[in-house]
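Accompanying notes for the structure given below.
Numbered from 1 within each chain, the chains take letters A, B, ... in sequence-line order.
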Amino acid sequence: MQEALETLAEAAGFKGNEGRLLSFYRAASVLKSLPCAVTSWSQLHGLPYLGEHSSRVIQVGACHGEWGEWGVLDLVELQETWFESQSESAGMYRKLLELLEHGTCEEVEQVRCSERHQTMKDRLFTQVFGVGVKTADRWYREGLRTLDDLREQPQRLTQQQKAGLQYYQDLSTPVSRADAEALQRLVEAAVRQTLPGATVTLTGGFRRGKSQGHDVDFLITHPEEGREVGLLPRVMSCLQSQGHVLYHQYHRSHLADSAHNLRRSSTMDAFERSFCIFCLPQPQQTALEGAPHPCLTRKAVRVDLVVTPNSQFPFALLGWTGSQFFERELRRFSRQEKGLWLNSHGLFDPEQFSMQLLRKMSSDSWALSTFPQSREMPELRNAHRGAAGLSFDQDSFQTGALPPHGLTCANGAVTSWDSRV
DNA sequence: CCGCAACCGGT
DNA sequence: ACCGGT
DNA sequence: GCGG
Ligand SMILES: Cc1cn([C@H]2C[C@H](O)[C@@H](COP(=O)(O)OP(=O)(O)OP(=O)(O)O)O2)c(=O)[nH]c1=O
Ligand SMILES: [Mg+2]
């Protein structure tokens with residue numbers, strides 16, 4: 001049932017309905033959090049996010065439902081769910097489907113067909129790095145059907161999409177933990193060469209214990225605050241000179257940017273995040289001797305490198321460990337229940353923006369009473385040791401330029417704000 | 001009826 | 001502004 | 001789709 005709800009969430013995403021997506025994911029998460037299996041309908045009553053619709057999905061799965069109460073949309077959704085998760089335990093869905101074929105036939109079949117098409121095309125194009133639901137949809141409506149169709153129109157492709165097509169096969173292959181560890185050694189070597197003492201932490205899905213991933217995520221920092229500045233460009237040049245970088249996109253942060261000096265230097269050099277495709281040597285295992293030959297094959301792998309000052313490391317680790325849904329819910333909880341704004345740089349109190357928060361956070365009791373569950377999340381429990389994650393110098397600082405927080409500050413005072421504030 | 005995490009880059 | 005990405 |  002959790003999978004069923006997650007499939008509905010995904011389907012909502014394909015239709016561009018972010019609200020439904022969230023609700024279905026939340027309902028699935030609530031089920032996961034239960035200490036034991038749900039055996040009766042009444043157990044669902046009162047659980048958050050298991051409202052009318054989600055409950056009905058479960059009700060039918062448990063064979064307690066009455067077909068007459070079902071609307072066309074519900075049936076189509078359930079059918080898609082069944083197709084996706086057609087393992088063994090899906091027998092009840094099959095019954096439902098066959099009943100469905102008898103009853104509302106014509107109309108349902110029509111919707112179903114179009115829906116099938118929708119998902120089919122989505123699967124084909126959205127897999128390409130740089131192609132999302134909107135673009136896949138548009139291309140399909142324009143009559144494009146195959147990857148080669150896309151390759152024939154290179155002038156219409158973004159650089160990202162070109163890379164996505166070029167490395168399509170490798171990038172659709174899951175990344176193994178062994179690959180991730182090999183990449184870590186590669187990155188560590190480059191980092192060691194650039195700034196001894198800097199550390200490389202495997203994060204993202206692999207830190208959560210996944211055995212495979214769609215990419216590899218790393219956090220880089222240095223125990224001495226400030227030493228990390230300018231590190232990433234040097235690491236990237238190093239890796240580039242070794243021929244490991246197939247594609248890259250650099251990101252700066254408003255915080256890091258304005259933190260050190262306010263010269264708006266477009267020095268082009270001040271990026272702190274690199275979002276790339278690496279070329280990873282694949283060990284060639286000869287069947288008999290098992291001695292790996294170095295580098296006969298190479299594989300393209302998506303890699304994310306993030307450099308963070310040591311003071312912000314707890315927040316970066318928390319933010320980049322995921323999952324995506326966990327991060328979204330945590331930030332929503334922080335803002336809605338605690339009135340604090342959380343991102344991967346820090347936790348911000350919009351009232352008394354910086355100084356008081358620093359003091360508050362310097363006590364264990366504050367961290368624990370604010371986030372009781374943080375006992376299970378060491379990086380959050382220790383977050384206060386890294387202070388609030390606000391960087392500034394004596395002249396001025398921006399608490400995030402306009403787009404993120406809408407506030408501009410100088411010497412601790414708000415000097416301008418935008419309409420949202 | 002409204003909000004739904006919070007960012008950055010390319011076109 | 002919209003779409004891509006994390 | 002759900003909660004406020
Ligand atoms: C995609 C995404 C990720 N993140 C954070 C949490 C993720 O765990 C982390 C890395 O992103 P991803 O690499 O996209 O996610 P993942 O590592 O958990 O899973 P996968 O195995 O598919 O690589 O970045 C967000 O905060 N928001 C997002 O929308
Ligand atoms: Mg990942």
Send over the distance from A/Phe326 CZ to B/dA6 C1', rounded to a whole Å.
15 Å
Nearest-neighbour nucleotide for the A/Arg20 side chain, B/dT11, D/dG1, B/dC4 considered
D/dG1
Under 4.0 Å: is that the gap between some side-chain N or O of A/Ser344 and OP1 or OP2 of B/dA6?
no
Nearest-nucleotide comparison on DNA chain B, the residue closer to the 5′ end among A/Arg331 and A/Gln249:
A/Arg331
By the 4.0 Å heavy-atom rule, please label A/Arg138 as base, sugar-phosphate, or nothing.
nothing
Could you check how far OH of A/Tyr25 sits from C1' of D/dC2, rounded to whole Å?
17 Å
A/Arg234 atom CZ: more than 12 heavy-atom contacts under 6.0 Å:
no
So, for A/Tyr247 and A/Tyr167, is the gap between ring centers shorter than 6.0 Å?
no
Have a look at A/Val131 and say if it touches a base, only the backbone sugar-phosphate, or nothing, with a 4.0 Å heavy-atom cut-off.
sugar-phosphate
A/Asn17 CG to D/dG1 C1', in whole Å, measures 8 Å
Taking the minimum atom-to-atom distance to the side chain of A/Gln159, which one of B/dT11, B/dA5, C/dT6 wins?
B/dT11
Which residues share a side chain to side chain contact (heavy atoms under 4.5 Å, CB included) with A/Thr173, sequence neighbours left out
A/Lys299
Using a distance-only test with no angle check, is there a side-chain donor-acceptor pair under 3.5 angstrom linking A/His345 and A/Gln312?
yes
Rounded C1' spacing from C/dG5 to B/dA5 in Å
15 Å
Choose from D/dC2, B/dG9, C/dT6 the nucleotide whose nearest atom is closest to any side-chain atom of A/Asp215.
C/dT6
If you check every side-chain atom of A/Ser23, which of D/dC2, C/dT6, B/dA6 has the closest atom?
D/dC2
Where the side chain of A/Arg335 is defined as all heavy atoms beyond and including C-beta, which of C/dG5, C/dC3, B/dA6 is the nearest nucleotide?
B/dA6
Name each donor-acceptor pair under 3.5 Å that joins a side chain in residues 182-192 of chain A to protein atoms two or more places apart or in another chain, with its distance.
unit_1	atom_1	unit_2	atom_2	d
A/Gln184	NE2	A/Glu188	OE2	3.3
A/Gln184	NE2	A/Val200	O	3.0

So A/His248, base contact, sugar-phosphate only, or nothing? Heavy-atom distance under 4.0 Å.
nothing
Tell me whether the side-chain N/O atoms of A/His345 come closer than 4.0 Å to OP1 or OP2 in B/dA6.
no
A/Arg145 NZ/CZ over A/Tyr140 ring centroid, <6.0 Å and within 45° of normal
yes
Out of D/dG3, C/dT6, B/dC4, minimum distance to the side chain of A/Pro48 belongs to D/dG3
To the nearest angstrom, the CG-P distance between A/Leu340 and B/dA6 comes to 12 Å
Phosphate oxygens OP1/OP2 of B/dC7: is one of them under 4.0 Å from a side-chain N or O of A/Arg273?
no
So A/Glu18, base contact, sugar-phosphate only, or nothing? Heavy-atom distance under 4.0 Å.
nothing
At under 4.0 Å between heavy atoms, what does A/Gly19 touch on the DNA or RNA strands: base, sugar-phosphate, or nothing?
base
Of the nucleotides B/dC4, C/dT6, B/dG9, which has the atom closest to the A/His251 side chain?
B/dG9
Pairwise C1' distance, B/dC8 and D/dG1 [rounded to whole Å]:
30 Å
Can you figure out which of D/dG3, C/dT6, B/dA5 approaches the side chain of A/Arg332 most closely?
B/dA5
When the distance from CZ of A/Phe315 to C1' of B/dC7 is rounded to whole Å, what number comes out?
16 Å
Pi-cation contact, A/Phe275 with A/Arg273 (under 6.0 Å, within 45°)
yes
Roughly how many Å is it from CH2 in A/Trp320 to P in B/dA6, rounded to a whole number?
15 Å
As a test of reading the structure: which of B/dG9, C/dG4, B/dC7 is closest to the side chain of A/Asn343, going by heavy atoms?
B/dC7
Round to a whole Å and report the spacing from CH2 of A/Trp139 to P of C/dG4.
9 Å
Taking 4.0 Å as the cut-off, does a side-chain nitrogen or oxygen of A/Arg328 come that near to OP1 or OP2 on B/dA5?
yes
Rounded to whole Å, the CD-P distance (A/Glu337 to B/dG3) equals 17 Å
